[in-house]
Structure formats: C-alpha cells, structure tokens
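The block underneath contains the structure these notes are about, expressed in structure tokens.
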Number of protein chains: 2
Amino acid sequence: MNSDFTLAIHSLTLLALQPDRMSTSEYIAESAGVHPVRIRKVLSLLKKHGFIKSKEGIGGGFIFALDLSEVTLWDIYKITSEGALQPKCPESNDQCIVGANMQRVLFSIFLGAEDHLGEYLKDYTIKEIVDLINKKQ
Amino acid sequence: MNSDFTLAIHSLTLLALQPDRMSTSEYIAESAGVHPVRIRKVLSLLKKHGFIKSKEGIGGGFIFALDLSEVTLWDIYKITSEGALQPKCPESNDQCIVGANMQRVLFSIFLGAEDHLGEYLKDYTIKEIVDLINKKQ
DNA sequence: CAATCTGTAACGTTTATCATTACAGTATAG
DNA sequence: CTATACTGTAATGATAAACGTTACAGATTG
C-alpha cells in the first residue's frame, strides 16, 4: 500500500502526543523522515475531512481536531488509499470471453474485499496506535 | 495490488476452460493483453506450487494440475502478492519515539489484516471465477 | 535435425512515486 | 506596516518500480 497512509498515521500519532500546541510540518517531517511538503499535502487531506485543524503564520501548524478514539485506521485508509487493494488489470482482449469479463469479476470481488478489510481496520483507533507506540520501550 | 495476481487468475481461468489440451503462453498472452514472457514468468510460479503442469516442445504449453475448486484466490494472492497490503514505511527518525516504533506497530497490524483478507479470499475458487465469467453474457 | 514450445536472464522503456524548488497567502510580533 | 514564520499548492526534476522486449539455452516432437 502507498506511503501516504503511513505518513497520515504517523502525523496523527505525533499530533496526539502534542495535544496542547501546534506542530509544524517541519517537525513532523523530521520524525517521519520525509520532506515537509509531503507532510503538508497529506495533512491537507486530513484537514479537509475534519480530523485536524491548521493555522498559518508564526506559531502555526497542525493540531488534532477530534478525540483520539474517534479516528480509525479505516477512516485514514479511505482517505489516503481507497482502491489500493484492487488488482491492476491490463487491458485485455474483448474478443475472448475471459478477457472481456475478468476485470468486472475481479473488481466486484475486491470491492467486497475492501469492505472486509474495513471491518478489521475499524477496530484500530489513533488512541490504540499511541498505546502500541508507547508500549515496549 | 500488482498485476501478477490478475494475470495468474486470468491464466488459470483460461486453463480451466481448456481442461483437455495444453495452452501456450502466446495464446494466454493474447487473451490477457500482455507479452508471452510475462505469462511464462507468472505461470512458472504457479507451476512451482503445483497448480499447473507445463510441457516444452511441439504441442506443449500449460495445463491445470488440480481440481478447479481446490485453488482459491487466497492461494494465488499468497504466491503472487504476499505483503502487498503492508503500507510502505519511509525510514523514519529513530530518535523520535514515534519514528522509532511506527513501522513495527503498523507491520503487526497489517499482518493481521492480511490474515483477515485471507479468510475472505478463501471463499473464491477458480471454479467460482469461471462461473462468474460465464454468467451475464 | 528442423520446428515449436518453455525457462530465464538481460536490457530498455515507460510509469508511478517521491523530493525539491518556488512562490502566493496568512497570521504574528515588534 | 514590515519582517518573520508558517501553510497551501503547483510545477519540475530525480529515483525507483513495473512492464515490454530481445535473446538464447533447453526440451520435446515429428
């Protein structure tokens, strides 16, 4: 799966640990090991969906907007990676019954697969990620 | 997910429809819309795991080795795409507690996710794919 | 031994991912 | 009101992954 998902979780976890002050994209980028612009791109998605707030200018940055246990990995998956499970289908030969129908068949199966994955990912909230990060160190 | 999965399913479905004779990589490639060498690469994996047999020389090609309902999408996923669900983690900063532990935490969660996906994919056999392909045309 | 197939390595091309630069817009401090 | 420190986002460039293609050795058949 793409790394936007990881970056989103990483960022939210950091924000969860700094509930009282704004964190800058540079601070988050340093922890995540990527460029600040990537963090800002990913976080602008999270902002659009209301999970975080941001503020420009001096003393600005990003801050969590909801309760930690209101945000699940499934929420983040949907925002950053929806459709990632879907297997890539080369354009196949429509003259052949298999070529003509394979994409449709696999597509519907993997729609179901993604729903199924959702049921699993809904059980993990950012609160639980924070707990897992703190454990064992 | 990668297209090897799709090509494997596509190939097996074609072989399922030709149970009595060998199919060449060129024939399969034409249906799938890719180069025959890619088909041979993917099918060599399937052969290694005993799902198909192959024969070189004139009249050679590939043929199904098992019963259609013995092969599930989960079998094929494991062979072609295991780990594909795992979100990519940039190398993050070990000085930060989040950076140091995120990869481990996500890795274990997505091991579980893949098992969960497996339970879903086990319900689809090649026989069922063949039925779905034939339906609605 | 000529023809037809698989098996696989090697190389080149295309596409996707990611980093970086650049700059406009906004808030704060003095 | 101006310098500073942020976000927001587009555009460009670099790197890596996916894929196509060529090439050729090995196997089987007639």
Side-chain angles (χ1 to χ4, degrees), chain A residues 1-8 10-11 14-15 18 21-65 80-81 83-84 86-93, chain B residues 1-8 10-11 14-15 18 21-65 80-81 83-84 86-93:
Chain A
M1 203 197 340
N2 74 41
S3 61
D4 282 4
F5 177 84
T6 308
L7 289 177
H10 194 124
S11 303
L14 274 177
L15 296 187
Q18 314 275 340
R21 50 173 156 161
M22 293 270 176
S23 305
T24 68
S25 62
E26 193 179 342
Y27 165 74
I28 299 169
E30 187 145 343
S31 167
V34 298
H35 199 278
V37 170
R38 273 200 77 196
I39 297 294
R40 297 208 288 271
K41 276 183 196 158
V42 171
L43 292 195
S44 87
L45 273 178
L46 296 182
K47 182 189 176 184
K48 198 185 301 177
H49 287 83
F51 296 117
I52 60 176
K53 291 181 233 171
S54 72
K55 205 171 103 185
E56 304 183 10
I58 295 177
F62 301 90
I63 196 165
F64 224 101
T80 61
S81 312
Q86 209 62 237
K88 277 167 203 148
C89 288
E91 270 196 40
S92 49
N93 186 348
Chain B
M1 201 195 347
N2 73 42
S3 64
D4 283 4
F5 177 84
T6 308
L7 290 178
H10 195 123
S11 303
L14 275 177
L15 297 187
Q18 314 274 341
R21 50 173 156 159
M22 293 270 176
S23 304
T24 69
S25 62
E26 194 179 342
Y27 165 74
I28 299 169
E30 187 145 342
S31 167
V34 298
H35 198 278
V37 169
R38 273 201 77 198
I39 297 294
R40 298 208 286 271
K41 276 182 197 161
V42 172
L43 292 194
S44 86
L45 273 178
L46 295 182
K47 181 188 176 185
K48 198 186 301 178
H49 287 82
F51 296 117
I52 60 176
K53 291 182 233 174
S54 72
K55 206 170 101 184
E56 304 183 10
I58 294 176
F62 301 90
I63 196 164
F64 224 102
T80 61
S81 312
Q86 209 61 238
K88 276 167 203 150
C89 289
E91 270 195 40
S92 49
N93 186 347

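Residue numbering restarts at 1 for every chain, and letters A, B, ... go by the order of the sequence lines. Reckoned from all heavy atoms, side chains included, excluding hydrogens, waters and symmetry mates.
- For the pair Met22(B) CE and dA27(D) C1', the interatomic distance rounds to 13 Å; values are reported in whole Å.
- The CZ atom of Phe62(A) sits 8.0 Å away from the OG atom of Ser44(A) when rounded to the nearest 0.5 Å.
- Counting heavy-atom neighbours within 6.0 Å of Glu30(B) CD, excluding the residue itself, gives a total of 12 or less.
- Atom OG of residue Ser23(A) and atom CG of residue Leu43(A) lie 9.5 Å apart, to the nearest 0.5 angstrom.
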- Query: Based on Watson-Crick and G-U pairs with both distances under 3.5 Å, what dot-bracket line describes DNA chain C 5' to 3', crossing pairs as [ ] and inter-strand pairs as |?
  - Reply: ||||||||||||||||||||||||||||||
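- In this structure a side-chain-to-backbone donor-acceptor pair under 3.5 Å is present from Thr6(B) to Lys88(A).
- Formation of a donor-acceptor pair under 3.5 Å by the Asn2(A) side chain with backbone atoms of Thr80(A) is found in this model.
- Rounded to a whole Å, the CZ atom of Arg21(A) is 18 Å from the P atom of dT28(C).
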- Would you mind building the protein contact string for nucleotides 5-15 of chain D? One character per nucleotide, 5' to 3', B for base within reach (heavy atoms under 4.0 Å), S for sugar-phosphate only, - for untouched. BBBBBBB----
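- With hydrogens and angles ignored, the 3.5 Å screen pairs a side-chain donor or acceptor of Thr24(B) with a backbone N or O of Tyr27(B).
- Rounding to the nearest 0.5 angstrom, the gap separating the CD1 atom in Ile52(B) from the CG atom in Leu46(B) is 5.0 Å.
- At whole-Å resolution of the value, CG in Asp4(A) and C1' in dA16(C) are 12 Å apart.
- Gln86(B) contributes atom CD, which lies 8.0 Å from atom CE of Met1(A) (distance to the nearest 0.5 angstrom).
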